[in-house]
Amino acid sequence: MTMPFDLSESHDAFHEECGVFGIFGHVDAAAHVALGLHALQHRGQEAAGIVSFDGEQFHAHRALGLVGDNFNSAEIIKSLRGDFAVGHNRYATTGDTLLRNVQPLYGDFSFGGLAVAHNGNLTNAMTLRKQLIDIGCLFQSTSDTEVIIHLIALSKQSSVEDRLYDALSRIEGAYSLVVMSNHMMIGVRDPLGVRPLVMGKLGDAMILCSETCALDIVGAEYVRDIEPGEVVIITPQGIRSLHPFPKQPKRFCIFEYVYFSRPDSISEGLNVYETRQRIGAYLAREAPVDADVVVPVPDSGIPGALGYAKESRIPFELGIIRNHYVGRTFIEPSDHVRHLGVKLKHNGNRAILEGKRVVLVDDSIVRGTTSKKIVAMVREAGATEVHMRIASPPTTHSCFYGVDTPTRDQLLAAKYNVLQMAELIGVDSLAFISLSNMYRAVAGIGRDPHSPHYCDACF
Ligand code: SF4
């Protein structure tokens, strides 16, 4: 069977959303934010920024590139004076990768300055932006987060909190926000709770951040997840929790467990690594195969493969070795080098693969371009059979909530059935975990089609 299939693309993954980290009441606020952002680097690598407040003035540093490359000097950290600071790692989901789009975005209002760090995407941002431009608002960036800044500026309410509620009541979509004024830090999770946001404590200082791995790096204690629709206001007088929005059913992004979150994070009460192992175990029960070794596609396939191996009692082996020192800039300059992308990152481990029937486990298939190259590599290294097992259901739709996904026509599972996909990727067999078993592995119960516990719209 011959099918048209573009194998030239290297953009073959769901890309992470952004990471946010704010700390309130610590003498070394900016340094802690830089560390927190470093732990959240997997959520966005395009740019990073920190805004601090020293009791009189706000200070900001924003740059394109990685946290470690931009917040590595004592001078920069010292220039971000103050006890409050908020930071952001950006993956460019909307808006170009331009310095003016790098968050936290900052605005000077009648009540003082306000810095906003936003993880998520607004589904009505374009409509609101147009309405705001029509009434004379001047936008500095192409980021939809700036819509929130303008809505706060236009609100007729007097307090920061009331202006924020006013603004948020007009926006739709996914947002976990950390907002910092000259006297408070505010954390907000959208009513559906699509993106994560957790609270931590370091001595007397309070932290709001995207994942618990960022609390670990600064030695902070995990307090709790911010609830969907909750607004948490942190001031020197204490913490207030409010639920100003109409209650809606929760829709936490199930892809956080599949791929986005770091495995050592605890998300909505579940350790991500253990959850991925459970998905692998359910996958082994649902799609068993006679084989000699279980091999993960590193790194994201590792926990699922471990779960598959334990359940199937087939030995787990690192049959593909990942080179951790491949920089993005090295991959990107020319078509020729880009074509080598997969080989630069991964190599088949011949000693493990030669003469073996291999179960290859990955977290997901998006376009399928990387999978095809990896399978060819495993065969070149001597595997006699390759059976691919995927620790998520077929990805048939782009993300509705703004995660950077290929358009539907580029998603392999949107165009082909499993048998056709197996042929295109070049495997002896291919199977995905079912949606209901993924729910069992994550939540301990099957999926209720009338009221699913999670957002699973891309499956
Ligand atoms: S559509 Fe998929 S990636 Fe997007 S929020 Fe829902 S589960 Fe997550």
Side-chain angles (χ1 to χ4, degrees), residues 15-24 29-53 58-72 76-77 80 82 84-107 113-122 125 140-149 152 164 173-181 185-190 194-200 207-211 213-215 217-218 226 260-262 402-404:
H15 285 278
E16 297 82 350
E17 277 284 300
C18 305
V20 294
F21 189 102
I23 187 164
F24 189 85
H32 283 72
V33 173
L35 283 169
L37 293 182
H38 179 68
L40 296 171
Q41 190 74 83
H42 58 287
R43 297 188 75 85
Q45 300 93 38
E46 303 288 347
I50 298 178
V51 175
S52 70
F53 181 69
F58 285 86
H59 307 275
H61 184 75
R62 302 179 185 86
L64 300 180
L66 301 176
V67 180
D69 295 337
N70 290 302
F71 292 91
N72 53 1
I76 288 174
I77 296 295
L80 295 164
F84 320 163
V86 58
H88 186 270
N89 276 340
R90 175 174 167 80
Y91 182 81
T93 47
T94 59
D96 308 317
T97 306
L98 298 170
L99 199 51
R100 63 194 163 98
N101 283 333
V102 180
Q103 298 189 35
L105 296 188
Y106 175 82
L114 200 72
V116 179
H118 171 204
N119 171 204
N121 269 83
L122 309 183
Q140 307 277 323
S141 75
T142 56
S143 156
D144 63 3
T145 309
E146 197 180 347
V147 167
I148 302 172
I149 301 262
I152 294 170
L164 184 62
Y175 52 90
S176 281
L177 300 174
V178 181
V179 177
M180 187 180 74
S181 78
M185 181 165 76
I186 304 175
V188 191
R189 228 173 137 199
D190 67 74
V194 178
R195 304 260 75 88
L197 189 65
V198 300
M199 185 195 292
I207 295 171
L208 294 167
C209 61
S210 298
E211 291 184 40
C213 63
L215 298 175
I217 197 171
V218 296
I226 306 304
F260 298 143
S261 290
R262 232 171 73 161
V403 174
D404 180 39

Could you tell me if the side chain of [Y] sits less than 4.5 Å from the side chain of [X], heavy atoms only?
X: V116; Y: V86; result: no
X: C18; Y: H88; result: yes
X: L64; Y: E46; result: no
X: F71; Y: V33; result: no
X: L215; Y: I207; result: yes

* Going through the distances and angles, do I226 and L208 end up as a side-chain contact (heavy atoms from CB on, under 4.5 Å)? -> CA-CA 9 Å; I226 306 304; L208 294 167; 3.9 Å; yes

Can any side-chain N or O of [X] pair as donor or acceptor with the backbone N or O of [Y] at less than 3.5 Å?
X: Q45; Y: L66; value: no
X: Q41; Y: V67; value: yes
X: S52; Y: A30; value: no
X: N89; Y: L37; value: yes
X: S176; Y: R189; value: no
X: Q103; Y: H118; value: yes

Any chance you could measure [X], atom [atom1], to [Y], atom [atom2], to the nearest 0.5 Å?
X: R90; Y: N101; atom1: CZ; atom2: CG; value: 4.5 Å
X: S143; Y: L122; atom1: OG; atom2: CG; value: 8.5 Å
X: R262; Y: C213; atom1: CZ; atom2: SG; value: 4.0 Å
X: D190; Y: N121; atom1: CG; atom2: CG; value: 11.0 Å
X: H42; Y: F260; atom1: NE2; atom2: CZ; value: 10.5 Å
X: N70; Y: I76; atom1: CG; atom2: CD1; value: 7.0 Å

Please give me the minimum heavy-atom distance between [X] and [Y], naming the atom from each residue.
X: G87; Y: P104; value: CA-CG, 4.0 Å
X: V102; Y: A47; value: CG2-CB, 3.5 Å
X: V218; Y: L35; value: CG1-CB, 3.9 Å
X: V178; Y: G22; value: CG1-CA, 4.1 Å

* Report the C-alpha distance between L105 and V51 in whole Å, list the side-chain angles of each, state the deciding distance to 0.1 Å, and finish with yes or no for side-chain contact (heavy atoms from CB on, under 4.5 Å). => CA-CA 9 Å; L105 296 188; V51 175; over 6 Å; no

* Under the ring pair (Phe, Tyr, Trp, His ring centres under 6.0 Å) test, which residues partner Y175, sequence neighbours left out? ->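 For Y175 there are no ring pair (Phe, Tyr, Trp, His ring centres under 6.0 Å) partners, ignoring immediate neighbours.
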
* **Residue pairs, two or more places apart or on separate chains, that pass side chain to side chain donor-acceptor pair (under 3.5 Å) and touch residues 58-69** => D54-H59

Can you name the side-chain contact (heavy atoms from CB on, under 4.5 Å) partners of [X], sequence neighbours left out?
X: A214; answer: F21, A39, L40, C209
X: I152; answer: F109, F111, L114, I148, R163, L164, A167
X: F84; answer: F24, F53, M180

* Stepwise, does the side-chain contact (heavy atoms from CB on, under 4.5 Å) test hold for V179 with M185? -> CA-CA 6 Å; V179 177; M185 181 165 76; over 6 Å; no

* Non-neighbouring partners of E211 that pass salt bridge (Lys or Arg N to Asp or Glu O under 4.0 Å), sequence neighbours left out ->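 Salt bridge (Lys or Arg N to Asp or Glu O under 4.0 Å) list for E211, sorted by chain: R43.
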
